Amino acid sequence: MREIFTTISRPVKGATEKTGQWRTFKPLLDKKKCTRCLRCWILCPDGAIQRNEDESVEINLEYCKGCGICANECPVKAIRMVREE
Amino acid sequence: MAFLLEIRLHGRGGQGAVTAANLLAVAALRSGNKDAQASPFFGAERRGAPVKAFARISSEEINLRSQIYNPDLVIVLDQHLLDLVDVTEGLKKGGTLLINTKKRPAEIVSYFPNTIRVATVDATGLALKYEIKVGGIPVVNTAILGAIPKVTSAIKIEKIIEVIKGRFPGESGDKNAKAARDAFGMTEVSP
Amino acid sequence: MPLRDLSKEELYLPGSAACAGCGDGIALRIALKALGKDTIFTVPACCTSVIESSYPNTSFGIPVMNIAFAASAACASGIRAGLRRQGKETQVVVWAGDGATYDIGVASLSGAWERETDFLYICYNNQMYSNTGIQRSGATPFGAWTTTTWKGKEESEKDMIAIAMAHHLPYIATATIGYPEDLHRKVQKAKSIPGPKYIEILSPCPPGWRYDMSKTVEMSKLSIATGVWALLEVEEGNITFNGRSKAILEGKIKPKPVEDWLSGQGRFAHLFKPKRDEERIKKFEEIIDQKWQRHREGKL
Amino acid sequence: MKLIMDTANHIAGEAAKAARAEVVAAYPITPQTTVVEYIQKLISNGEFDADFICVESEHSAMAATIGASATGVRTFTATSSHGLLYMHEMLHWAALARLPIVMVNINRTIGPGWNIWADHQDSMAQRDTGWLQFHCGSNQEVFDTVIQSYKIAEAEEIQLPIMVNFDAFILSHTSMPVSIPDQPVIDKFLPKRKPVWKLDSSDPLTHGNIIPPDPYLEIRKSMQESQDKARDLIRTTAEEWKKLTGFWHGGTVEEYRAEDADLVVLAMGTLGSEAKVAVDRLRKERIKAGVFRIRSFRPFPIDEIKKLSEETKLVVVDKALSFGGEGVLYSEVKSALYGRKNEIFGWIAGLGGKDVSWQDLVQMVKAVKDGKAKPVNWQKGGKGAITGFI
């Protein structure tokens, strides 16, 4: 296929950009409080919360847009939003 | 010398004028003509209303795509159309008018300019005889096809029969073919 | 299904062009976990066509066919036929906003349903044309401000579920992103049923509804708690309610005041400020009350 | 090879079958209906192995065709007039998606008032959609062109949809003899489609998402390059078809007695065929006339037209009009001959199915020859043929 032929796009992470740069507030996860209920994982609109083998979670700040849904929805308040430095 | 025969058929919606035009074009090809065309009048057809169809037959490739204004042959599937439609409109001098009627050419010819030839055949009678009906109405198109070889040497009666049998297989084809063959024998042409 | 059993595979990739706090993003992630890799999306003009990101990149890990606004269901019929010719059983899914579904695309959707195309049509309903800058749609509720209803919409939304039901689809469901297990289950169920299926996902939109972006899920849940939106399924013409909506229907829980939902959204602010618009608040409540009255009679 | 006598609409259905189209989506409109009916009948009888999608509009017909074509299968559709106009948005989509769809359009004029007869206003209004557009003058040409169109559309360097046009009723409902080559001959000429891209869950790609201005312009440029490349391919494909079947329709232009002509009639579709009769008559009167029947309106045969001597006077007969401008073909011909000395005369004729006969065409040529024609002229007069012009 010619290089530019029709509008065919290929899947990549960060297709738009490193959307972590959009943030004003960033989520901080208190791993000690986390019950591994996975609500933050499933409710993140950007898939920016990674789920590990042991069902612990980690926030991928490269792509987290800082919406704060995770902090709002965490049933044990293990995530809080703090201003980006 | 290139040969071109232009034909106009008059009928009523449902009588099979368009089918007749198609069948005669196929029979013309099989009779050795190089090219043929058949078309309905370019419009919406309504059952019972007067309809027209056209055909061209030629010894050469036909490039004509315009409508037929001056036919060599006019075929009328229903004599009652004579009161409704000017069937000889544009008919060439020396052209032929073939009508489905019980009347004889001599009775018909007086209605028209003496520059044309008139041929008659009782196609309705044949349709009734062979019980060729659709929805209770006698269908005369195959019978009248049998009359055409009487008025032009460009189409052979054997080819008309062959084409009718090809189009209507089985018993129906036999009846239609018989009607056409009888028509061929019965057609009378004015001098 | 517990959340830990949901697929880890992300077919909607991080780093898309969606707004922060986008409800559609949540809907996409959950639905794609249920659908899996063997899925083709058809997307009409809507937020999702932007969310995909720009050429030559895409945020989708499955094939996506973008198509004109009114054309997605017809395009899906074509995709299904083309796949069938090749013996492929790939899920064909239309992912469309409410503008494409309720308004411009409703004829082609009705056509695809009538000819029983084997596909799943998912409408993520954010109750407005969000992508083009928040204009009124056929799904916009009574009273809502949009850029084409400056004083609030004067009419109620149309009943898309009833329209779907009129096509006798084998499976129809509503869902919302605040209940991910429920949404996942319904998409999985739809996937298992041949023929045309319809799922409508209430998908709150922070810029359109005018609330804090962290509250998308909260808004979704509040829609259920107040009875503004109901979780239901329609199979063989039978309507069943589920989750909190079932409890509301059966009178086991009392719905929260509709005003809680209205007052949380800037698009209804004119009903409260500068002066409380008692008449329209009351009318909105009546619309919801009447809806539940019908539900109790087994109707939509 | 079998010889059949049938209408162009049925022949178009035969061609779709012979091309082994796998998905057909269409919506009925007069005078296209008998294409749809015929294909449905062939499929019902088991003579044509295809999936037919009965859609609820032409917009959806093209959308469904696009969807099917995007999965990699061969597709066919047919429409006419208002149906084509309703498809307009999707025509652009099909071309930009580089999908080699073949569609038959039965040229019919536009309402109001309702008029079901032939002119070219419908397809001319799709001029800029990126589709290749061919015009046919006979039923045999309809068959041959549909088959050749798949080959051209699916060529790796083209990958664009093709619209095969022919005139309402004049061909669509007129029976003519057509030779249909044996299926193995067609299969050899037209092997299974090899899609350049397709929707396949083993290869996730997104087609048609947001595209910034720079690559967008490049994609548009590549479409234009493909249109340009098609000129040669149209000719070589026609040559290849002729070798296999003996039928030749002329590539982008069918020239008829044009080599030594002082006056050349340029027209499309059945008008181009009728013009041959006019030219034969004019030649008998020692008027050296010829015909350029434009078969490919897109790509436009610029180089072929430029081969005409600068002394040749051109008589361009349009069945369509760009209001506020001039005849569409007339404009195209003038543009192709920019900077040259040729005198070019245009006629607007045959709108809404008004018959244009060889006698009419003879009058047009004579008017040019006698210096009586204006640059732009309108067909006049009453009923049908042999009408006044000046």
Side-chain angles (χ1 to χ4, degrees), chain B residues 1-2 4 6-9 16-46 51-71 86 89-90 155 159-160 162-164 166-167, chain D residues 3-8 10 30-31 34 108 114-118 136-140 166-179 254 256 267 269-281 291 293 349-350 352-361 383-387:
Chain B
M1 175 77 184
L4 172 69
E6 294 191 305
I7 303 166
R8 185 173 70 219
L9 295 94
V18 178
T19 306
N22 273 305
L23 294 178
L24 88 83
V26 176
L29 277 185
R30 296 204 188 158
S31 301
N33 295 284
K34 183 165 179 186
D35 205 353
Q37 287 176 5
S39 54
F41 175 71
F42 301 156
E45 278 185 25
R46 290 148 302 140
V51 296
K52 284 190 279 188
F54 303 93
R56 283 189 174 106
I57 298 163
S58 181
S59 60
E60 306 295 320
E61 184 185 340
I62 303 171
N63 286 313
L64 288 164
R65 300 289 182 267
S66 53
Q67 293 175 34
I68 293 172
Y69 297 94
N70 299 111
D86 177 8
E89 186 190 6
I155 300 172
K159 299 299 168 189
I160 291 278
E162 183 184 304
V163 167
I164 288 173
R167 173 66 182 257
Chain D
L3 180 73
I4 59 172
M5 180 89 181
D6 216 334
T7 62
H10 287 181
T30 302
T34 56
R108 167 190 149 185
W114 289 120
N115 175 317
I116 55 173
W117 296 287
C136 301
S138 73
N139 293 6
Q140 182 74 55
F166 54 87
D167 289 330
F169 299 103
I170 304 173
L171 291 190
S172 71
H173 287 62
T174 296
S175 292
M176 294 180 185
V178 176
S179 294
E254 185 194 20
Y256 183 76
T270 54
L271 203 51
S273 179
E274 185 87 8
K276 294 191 219 169
V277 181
V279 160
D280 288 344
R281 289 298 177 122
V291 180
R293 184 169 65 86
K354 188 172 170 65
D355 202 19
V356 185
S357 68
W358 63 267
Q359 292 97 324
D360 295 324
L361 293 160
K383 191 178 172 190
I386 325 167
T387 50

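What you are looking at is a predicted structure, and each value in this text was computed from that prediction instead of being measured. The chains referred to below are lettered A, B, ... by the order of the sequence lines, with proteins before strands, and numbering in each begins at 1.
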Hey, what do you get for CG (B/L24) to CE (D/M5), rounding to the nearest 0.5 Å?
8.5 Å

Side chains of B/Q37 and D/T174: is there a donor and an acceptor less than 3.5 Å apart?
no

To the nearest 0.5 Å, what is the distance between CD1 (B/I68) and CG (D/D355)?
10.5 Å

Establish, from distance only, whether the side-chain atoms of B/N22 and D/S175 form a donor-acceptor pair under 3.5 Å.
yes

Restricting to side chain to side chain contact (heavy atoms under 4.5 Å, CB included), what partner residues turn up for B/A21, sequence neighbours left out?
B/L9, B/A38, B/A53

In terms of heavy-atom proximity below 4.5 Å to chain D, should B/L64 be classed as side chain, backbone, both, or neither?
both

Rounded to the nearest 0.5 Å, what separation is found between the CD1 atom of D/I170 and the CZ atom of B/R65?
9.5 Å

Could you tell me if the side chain of D/S138 sits less than 4.5 Å from the side chain of B/E61, heavy atoms only?
no

One should read off an interatomic distance between B/S39 OG and D/H173 NE2, to the nearest 0.5 angstrom, of 10.5 Å

Establish, from distance only, whether the side-chain atoms of D/Y256 and B/N63 form a donor-acceptor pair under 3.5 Å.
no

Contacts of B/D35 that satisfy salt bridge (charged side-chain N to carboxylate O under 4.0 Å, His left out) - sequence neighbours left out
none

Least distance between heavy atoms, D/P177 atom then B/A36 atom
CD-O, 3.1 Å

